[in-house]
Novice: 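Starting off with a structure, shown below.
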Amino acid sequence: MTTDTYRLGVLPGDGIGPEIVPAAVQVVDAALAAAGAGAVEWIELPLGRAAIDEHGDAVPAATLETLAELDGWLLGPHDSAAYPEPHRSRLNPSGTIRKHFDLFANIRPAKALDDADAIVPGTDLVIVRENTQGFYADRSTYKGTGEFMPSPDVAIAMGIITRPAVERIARQAFELARRRRGKVTIVHKANVLRLTTGLFRDVCREVAAGYPDVTVDDYHIDAMTVHLLRRAADFDVVVTENMFGDILSDLAGEIAGSLGIAPSINASHERAMAQAAHGSAPDIAGQDKANPTAMILSAAMLLEWLGGRHDDEALRTAAALVEQGVAATVRAGTKTPDMGGTTGTREFAQSVAATIKRL
């Protein structure tokens, strides 16, 4: 048994966040206990609409200062489109945190669960998304955004690709492939965006030379959407720029069964943030209908990341128990409505926690 204690932040966020984030905490606590891992000190911090109402900012300065002192954190979804101005027009909470801490790697697995209605059974891939540049204007400049209007009738967005940013995300992809099935697929649009995504493709290929044990191929973004629909199970690790990665990971999540089961972490070399790939779903907020699986599995990814960073085998064991607990729970027929079941958020989390204790 380890005696290490980790300090993890809890940011419930908006919409279904205050339901799914506590569900993830409950499951993580059960897995840590079952694995004989050190305790976690959970530190709840204000973020989102509640933070605007109480502190006048969706991401208060005190929240960022505290996050810098923690080992990692769970971020619930946000509903920034519903914020009052001027908050609605600012960088959203997750973007603010990612940019502040340079969380350059967005790792988004898509793994089909047994009996969860996957469109392509056998899907088990990971989208590795460069998180700081590309064609999302809010992440392509140091100050402000890369989007502007020189006249009322003209809008321009810049897409930025740099060699250092591509090199570091490519290394993340190839290192991950070595721990999985040894294959990386580079996704780009170099036939049209020759300089920008051409640079992305070419630098990824250069990095690939240092990983002769990993198989490499590449596809244009439009062709890749078709390949995912037809044969998602053939892919292992997919590396791409920001906007392409966002689109492909949503598609891959649905192919695997539901966006409700699509987890992710946002990481640098020093910090990691667990964040479900889906949104805040305000239409079902407070109704105990939300699927907490994506948030639970995101928390498992954070445990795995922390286990690697701190060489803590008990954390890795806890992460594996979370994944096994979710899979066994769904396989037993306990499923939320989006997976074809009738189980509520709280009951699903309780079932996973109980399953972990039995494993």
Side-chain angles (χ1 to χ4, degrees), residues 12-31 33-34 74-77 79 108-127 228-229 232-233 249-265 274-303 318-359:
D14 305 315
I16 60 174
E19 298 170 80
I20 64 172
V21 173
V25 169
Q26 178 184 5
V27 171
V28 166
D29 282 340
L74 310 185
L75 176 68
D79 185 19
R108 290 187 167 187
K111 184 175 182 179
L113 297 170
D114 293 342
D115 302 316
D117 299 326
I119 294 174
V120 184
T123 298
D124 181 8
L125 60 88
V126 182
I127 307 292
L228 282 179
L229 282 171
S249 57
D250 279 4
L251 174 61
E254 278 297 321
I255 286 171
S258 166
L259 267 182
I261 67 170
S264 79
I265 61 167
Q275 180 185 18
H278 58 69
S280 62
D283 56 318
I284 60 170
Q287 299 176 37
D288 195 41
K289 292 181 179 179
N291 186 350
T293 299
M295 194 71 240
I296 291 169
L297 293 177
S298 298
M301 292 180 69
L302 178 59
L303 294 180
L321 284 172
V322 172
E323 293 178 3
Q324 293 165 19
V326 168
T329 299
V330 174
R331 195 161 49 244
T334 302
K335 298 184 285 187
T336 52
D338 61 307
M339 292 191 286
T342 59
T343 305
T345 309
R346 289 188 296 272
E347 183 183 350
F348 184 86
Q350 291 164 359
S351 295
V352 174
T355 299
I356 288 171
K357 293 176 183 177
R358 294 193 299 269
L359 287 175

Novice: Taking atom OG of Ser249 and atom CD1 of Ile255, what is their separation to the nearest 0.5 Å?
Specialist: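 The distance works out to 11.0 Å.
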Novice: Begin from the C-alpha positions of Val21 and Gln26 and carry the test side-chain contact (heavy atoms from CB on, under 4.5 Å) through to its verdict.
Specialist: CA-CA 9 Å; Val21 173; Gln26 178 184 5; over 6 Å; no
Novice: With distance as the sole test, does Glu19 use its side chain to make a donor-acceptor pair with the main-chain N or O of Ala290 at under 3.5 Å?
Specialist: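 Between the backbone of Ala290 and the side chain of Glu19 there is no qualifying donor-acceptor contact (under 3.5 Å).
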Novice: Is the shortest side-chain heavy-atom distance between Thr123 and Lys111 below 4.5 Å?
Specialist: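 The answer is no, as the side chains (C-beta and beyond) never meet within the 4.5 Å cut-off.
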Novice: Side-chain donor-acceptor pair under 3.5 Å between Ser280 and Asp14, yes or no?
Specialist: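 Ser280 vs Asp14: no donor-acceptor pair found between side chains.
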Novice: Please give me the minimum heavy-atom distance between Val28 and Ala299, naming the atom from each residue.
Specialist: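 For Val28 versus Ala299, the nearest heavy atoms are CG2-CB, 3.5 Å.
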Novice: How close do Gln324 and Leu359 get, counting heavy atoms only, and between which atoms?
Specialist: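 Looking at all heavy atoms of both residues, the closest pair is CB-CD1, 3.8 Å.
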Novice: Val326 and side-chain contact (heavy atoms from CB on, under 4.5 Å): which partner among Ile356, Leu321, Leu297, Ile261?
Specialist: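 Of Ile356, Leu321, Leu297, Ile261, side-chain contact (heavy atoms from CB on, under 4.5 Å) with Val326 is met by Leu297 alone.
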Novice: Judged by atom type as modelled, is there a donor-acceptor pair below 3.5 Å linking the side chain of Ser298 to the main-chain atoms of Ala294?
Specialist: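 Checking the backbone N and O of Ala294 against the side chain of Ser298, a donor-acceptor pair under 3.5 Å is found.
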Novice: I need the minimum non-hydrogen distance between Thr336 and Pro292, along with the two atoms involved.
Specialist: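 Residues Thr336 and Pro292, closest heavy atoms: CG2-CD, 4.1 Å.
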Novice: Passes side chain to side chain donor-acceptor pair (under 3.5 Å), Thr355 versus Thr329? Steps please.
Specialist: CA-CA 7 Å; Thr355 299; Thr329 299; 3.3 Å; yes
Novice: Side chains of Ile16 and His278, heavy atoms from C-beta outward: is any pair under 4.5 Å?
Specialist: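 Yes; the side chains approach each other to less than 4.5 Å.
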Novice: Roughly how far, to the nearest 0.5 Å, is the CG atom of Asp283 from the NZ atom of Lys289?
Specialist: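 Those atoms lie 8.5 Å apart.
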Novice: Any non-hydrogen side-chain atom of Pro109 less than 4.5 Å from a side-chain atom of Met301?
Specialist: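 A side-chain contact exists here, since the closest heavy-atom pair is under 4.5 Å.
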Novice: Would you mind reporting whether Ile265 and Arg108 have side-chain heavy atoms less than 4.5 Å apart?
Specialist: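 The answer is no; the side chains never approach within 4.5 Å.
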Novice: Decide yes or no for Leu229 and Val120: does some side-chain heavy atom of the first lie under 4.5 Å from some side-chain heavy atom of the second?
Specialist: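 Contact flag for Leu229/Val120 side chains = no.
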Novice: May I ask you to decide if Gln275's main-chain N or O and Ser264's side chain share a donor-acceptor pair within less than 3.5 Å?
Specialist: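 Side chain of Ser264 to backbone of Gln275: a pair is present.
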Novice: If you take all heavy atoms of Ala118 and Ala256, which pair is closest and at what distance?
Specialist: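 Looking at all heavy atoms of both residues, the closest pair is CB-O, 3.3 Å.
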Novice: Identify the heavy atoms of Ala262 and Gly253 that sit nearest to each other, and give their distance.
Specialist: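 Scanning both residues completely, I find the closest heavy atoms to be CB-CA, 4.2 Å.
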Novice: Taking C-beta and beyond as the side chain, do Pro263 and Thr293 meet within less than 4.5 Å on heavy atoms?
Specialist: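 No - every pair of side-chain heavy atoms lies 4.5 Å or more apart.
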Novice: For the residue pair Pro121 and Ala233, what are the closest heavy atoms and their distance?
Specialist: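 For Pro121 and Ala233, the tightest heavy-atom pair comes out as O-CB, 4.2 Å.
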Novice: Can you check whether Gly344's main-chain N or O pairs, donor with acceptor, with Asp288's side chain at less than 3.5 Å?
Specialist: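 Absent.
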Novice: For residues Leu74 and Leu302, determine if any side-chain heavy atom of one lies less than 4.5 Å from a side-chain heavy atom of the other.
Specialist: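 Yes, close enough: below the 4.5 Å cut-off.
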Novice: Might you work through the side-chain contact (heavy atoms from CB on, under 4.5 Å) test for Asn291 and Thr345, ending with a clear yes or no?
Specialist: CA-CA 6 Å; Asn291 186 350; Thr345 309; over 6 Å; no
Novice: Quick one: does any side-chain atom of Thr334 pair with a main-chain N or O of Val330 as donor and acceptor, under 3.5 Å?
Specialist: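 Not a single qualifying donor-acceptor pair exists.
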